[in-house]
Amino acid sequence: MAIPGASTGSLAGQQRILSFAIKDKAALYAAFMPFVKNGGLFIPTTKRYQLGDEIFLLLQLMEETDRIPVAGKVVWVTPPGAEGSRAIGVGVQFSEQDKGMARRKIEDYLVGALNSDRPTHTM
């Protein structure tokens with residue numbers, strides 16, 4: 001739904017489409033945000049987003065050919081120059097619209113790795 005008089009620029013709460021492919025288990029582990037309600041993923045990007053921006057994610061996992069459509073919102077921002085040389089990007093919290101399908105699929109790939117002490121992009 002368009003807001004009359006609104007520009008297509010960086011409007012807080014504006015929905016944007018992001019395509020993201022994760023090809024291996026280590027990258028998926030580093031990106032997954034299990035501590036976020038409904039789950040989420042850290043997406044490395046240099047595009048500017050604000051907390052609360054709505055995201056429509058087209059997620060491709062491992063060797064799957066189909067992309068998983070996931071609605072979400074930005075709940076984490078790692079800006080350029082962040083402490084510890086962390087990757088620049090955003091954390092996207094999955095909405096409840098997919099009834100946990102994206103989170104379950106990610107957790108299935110990460111069975112046995114979720115309790116690891118290895119660092120991730122966010123923690």
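Just the heavy atoms: all of them, side chains too, but no hydrogens, waters or symmetry mates, feed the values below.
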- Greater than 12 external heavy atoms within 6.0 Å of Lys23's NZ: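 Buried by this count: over 12 neighbours within 6.0 Å.
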- Message: Could you measure the distance from the CD1 atom of Ile68 to the CE atom of Met101? Nearest 0.5 Å is fine.
- Response: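 Answer rounded to 0.5 Å: 5.0 Å.
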- Query: Once you round to the nearest 0.5 Å, how far does CZ of Phe32 lie from CD1 of Ile22?
  - Reply: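 With rounding to 0.5 Å, CZ (Phe32) is 10.0 Å from CD1 (Ile22).
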- Message: Taking Pro34's backbone N and O only, do any of them form a donor-acceptor pair with Arg103's side chain (distance below 3.5 Å, no angle check)?
- Response: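 Present.
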Path from [X] to [Y] over hydrophobic side-chain contacts below 4.5 Å:
| X | Y | value |
| --- | --- | --- |
| Val77 | Val92 | yes |
| Leu18 | Leu59 | yes |
| Leu28 | Ile43 | yes |

- Query: Taking all atoms of both residues into account, what is the closest heavy-atom pair of Thr78 and Arg86, and its distance?
  - Reply: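 Here Thr78 and Arg86 meet closest at CG2-CB, 3.9 Å.
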- Query: Which pair of non-hydrogen atoms, one from Met33 and one from Val75, has the smallest distance, and what is that distance?
  - Reply: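 What the structure gives for the nearest pair is CE-CG2, 4.5 Å.
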- Item | Passing option when Tyr109 is tested against Arg104, Lys25, Glu64 for side chain to side chain contact (heavy atoms under 4.5 Å, CB included) |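 The option that passes is Glu64.
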- Query: Is there a side chain to side chain contact (heavy atoms under 4.5 Å, CB included) between Lys37 and Gln93 once you walk through the steps?
  - Reply: CA-CA 7 Å; Lys37 181 183 178 190; Gln93 176 186 25; 3.6 Å; yes
- Task: List the steps and the verdict of side chain to side chain contact (heavy atoms under 4.5 Å, CB included) for Val36 and Phe94.
- Result: CA-CA 8 Å; Val36 173; Phe94 302 151; over 6 Å; no
